[in-house]
Asks: 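I have a structure here, written as structure tokens, and I will follow up with some questions on it.
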Amino acid sequence: MRQGQRTMRRHRFEPARLVLGLCLLPISVLYILQAVDQLDIPVVLRFTMLPGALVLAGLVAVANITIRKAVAAKRPAVAGGSTDGDTMA
């Protein structure tokens, strides 16, 4: 590595963030279409889309944590290493 060059450290994949982002994209498109009078969204639907996306992302986060704990419990512990699998060689 050259002097002054920085590298990004690896980080954990968070599927809940991906799901939330993928849910917010169509919601934002619908709000934009409503703002330019191209679409009429019922009020009930407008107020349920965002909480629905948040609940879905929360469920994915809980599933992710449960799966990570189950996988970590099956792995043999490595002396001096991290048990959550964050570090990669």
Side-chain angles (χ1 to χ4, degrees):
M1 180 166 56
R2 294 189 312 234
Q3 186 178 5
Q5 182 181 11
R6 296 183 183 184
T7 60
M8 187 171 86
R9 295 188 306 191
R10 290 185 165 252
H11 57 278
R12 180 186 290 206
F13 173 64
E14 295 290 341
R17 290 181 182 186
L18 175 65
V19 168
L20 184 60
L22 291 176
C23 288
L24 291 179
L25 283 173
I27 290 172
S28 63
V29 168
L30 290 175
Y31 272 96
I32 290 170
L33 289 175
Q34 168 107 23
V36 295
D37 291 330
Q38 294 292 319
L39 185 66
D40 187 30
I41 303 171
V43 174
V44 174
L45 183 62
R46 273 188 266 166
F47 288 115
T48 59
M49 288 187 299
L50 182 59
L54 291 172
V55 167
L56 180 62
L59 292 174
V60 170
V62 168
N64 182 32
I65 291 170
T66 305
I67 292 169
R68 285 182 195 252
K69 285 185 179 182
V71 168
K74 290 183 181 182
R75 281 194 194 141
V78 178
S82 174
T83 58
D84 60 359
D86 282 342
T87 58
M88 299 186 110

Asks: Check the hydrophobic clustering (I, L, V, M, F, W, Y; side-chain heavy atoms under 4.5 Å; chains of links allowed) and say if V43 and L45 are grouped together.
Replies: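 Different hydrophobic clusters.
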
Asks: Spell out, yes or no, whether M49 and V29 are grouped together once hydrophobic residues are joined by side-chain heavy atoms under 4.5 Å, including indirect joins.
Replies: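 Hydrophobic grouping puts M49 with V29.
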
Asks: Under the side chain to side chain contact (heavy atoms under 4.5 Å, CB included) rule, what do V71 and R75 come out as? Steps first, then yes or no, please.
Replies: CA-CA 6 Å; V71 168; R75 281 194 194 141; 3.7 Å; yes

Asks: Is there any side-chain hydrogen bond (donor to acceptor under 3.5 Å, both in side chains) pair reaching into residues 42-63, and which pairs are they, with sequence neighbours excluded?
Replies: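 The answer is none; no pair qualifies.
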
Asks: Going hydrophobic residue to hydrophobic residue with side-chain gaps under 4.5 angstrom, can you get from I41 over to Y31?
Replies: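 Same cluster: I41 reaches Y31 through Ile, Leu, Val, Met, Phe, Trp or Tyr contacts under 4.5 Å.
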
Asks: What are the two closest non-hydrogen atoms of L50 and I27, and how far apart are they?
Replies: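 Distance-wise, the nearest heavy atoms are N-CD1, 4.1 Å.
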
Asks: Restricting to pairs with a member in residues 58-67, which pass side-chain hydrogen bond (donor to acceptor under 3.5 Å, both in side chains), not counting sequence neighbours?
Replies: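 Residue pairs passing side-chain hydrogen bond (donor to acceptor under 3.5 Å, both in side chains), neighbours aside: N64-R68.
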
Asks: Side-chain donor-acceptor pairs under 3.5 Å in residues 13-25, sequence neighbours left out?
Replies:
none

